[in-house]
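Shown next, in structure tokens, is the structure this report addresses.
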Amino acid sequence: MKPGKNPDFFAAVHDIARLVPYGRVTSYGAIARALGVRSASRMVGWAMSASHGAMPPVPAHRVVNSAGLLTGKDHFATPTAMREQLEAEGTLVVDNKVVDFQARFWEPLNELSLD
DNA sequence: TTTTTGACGATTC
DNA sequence: AGAATCGCCAAAA
């Protein structure tokens, strides 16, 4: 195989992002960690930008940074879309930040290993 | 092909 | 405690 250039990276990120349960949130670093690349957290966010036209759709609104901040809200259709979607799931957001982030945090590694 | 960027994270000042 | 910097990896220009 030819490592380096392959959509598999994006696919993996999208896949895990789609695994995030309803009303739950995760962080870019957590996904990166689940992929085996701890320091590729930035790439995760990048892959998310490619998740727009992804099929099935990726719940990017459930992915926030390690601080629970909706850093990617600016990349949504509207600056309030992310927050509204989170609130629609019961995830309270204040000042672009998930309130019970730690409580609602969903670790892919935990679930992937549990299976 | 090289350079710049980018929805992060941890560390250092 | 807050701000700035480095590290990491991959894609777009």
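We name chains A, B, ... by the order of the sequence lines, and we start the count at 1 in each one.
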**Request:** Report yes if a side-chain nitrogen or oxygen of S66(A) is closer than 4.0 Å to either non-bridging phosphate oxygen (OP1 or OP2) of dG9(B); otherwise report no.
**Result:** yes
Separation of atom [atom1] in [X] from atom [atom2] in [N], rounded to whole Å:
X: M48(A); N: dT5(B); atom1: CE; atom2: P; value: 23 Å
X: Y28(A); N: dC9(C); atom1: OH; atom2: C1'; value: 17 Å
X: D8(A); N: dC9(C); atom1: CG; atom2: C1'; value: 15 Å
X: R33(A); N: dG9(B); atom1: CZ; atom2: C1'; value: 9 Å
X: F101(A); N: dC8(B); atom1: CZ; atom2: P; value: 12 Å
X: I31(A); N: dA10(C); atom1: CD1; atom2: P; value: 16 Å
X: K97(A); N: dC8(B); atom1: NZ; atom2: C1'; value: 18 Å
X: F10(A); N: dA7(B); atom1: CZ; atom2: P; value: 13 Å

**Complete:** Read 5' to 3' with Watson-Crick or G-U pairs under 3.5 Å, [ ] for crossing pairs and | for partners on another strand, DNA chain B gives .|||||.||||||
**Request:** Could you pull out the closest heavy-atom pair between V63(A) and S27(A), with the gap in Å?
**Result:** CG1-C, 4.3 Å
**Message:** Ignoring hydrogens, what is the shortest heavy-atom contact between F9(A) and L35(A)? Give both atom names and the distance.
**Reply:** CE1-CD1, 4.5 Å
**Request:** Please work out if S49(A) contacts a base, only the sugar-phosphate, or nothing of the nucleic acid, heavy-atom cut-off 4.0 Å.
**Result:** base
**Asked** With sugar-phosphate meaning primed atoms plus P, OP1 and OP2, does H61(A) contact a base, only sugar-phosphate, or nothing at under 4.0 Å between heavy atoms?
**Response** nothing
Once hydrogens and angles are ignored, does a donor-acceptor distance under 3.5 Å link the base of [N] to the side chain of [X]?
X: S39(A); N: dC8(C); result: no
X: R38(A); N: dG7(C); result: no
X: R42(A); N: dC8(C); result: yes

**Request:** Linking directly or through intermediates, with side-chain heavy atoms under 4.5 Å: list the remaining ILVMFWY members grouped with F76(A), chain and number order.
**Result:** V25(A), V64(A), L70(A), M82(A), L86(A), V93(A), V98(A), F101(A), F105(A)
**Request:** Decide yes or no for R62(A) and E89(A): does some side-chain heavy atom of the first lie under 4.5 Å from some side-chain heavy atom of the second?
**Result:** yes
**Asked** Checking S51(A) side chain against A54(A) main chain: does a donor-acceptor pair fall under 3.5 Å?
**Response** no
**Prompt:** If only atom types and distance count, is the side chain of D95(A) paired as donor or acceptor with the main-chain N or O of K97(A) below 3.5 Å?
**Reply:** no
**Request:** Measure the CG-OG1 distance between N65(A) and T26(A) for me, rounded to the nearest 0.5 Å.
**Result:** 11.0 Å
**Prompt:** With respect to the side chain of A40(A), which nucleotide from dG9(B), dC9(C), dA7(B) is positioned closest?
**Reply:** dC9(C)
**Asked** Start at the 5' end of DNA chain B and walk down; is the nucleotide closest to A67(A) or to W46(A) reached first?
**Response** W46(A)
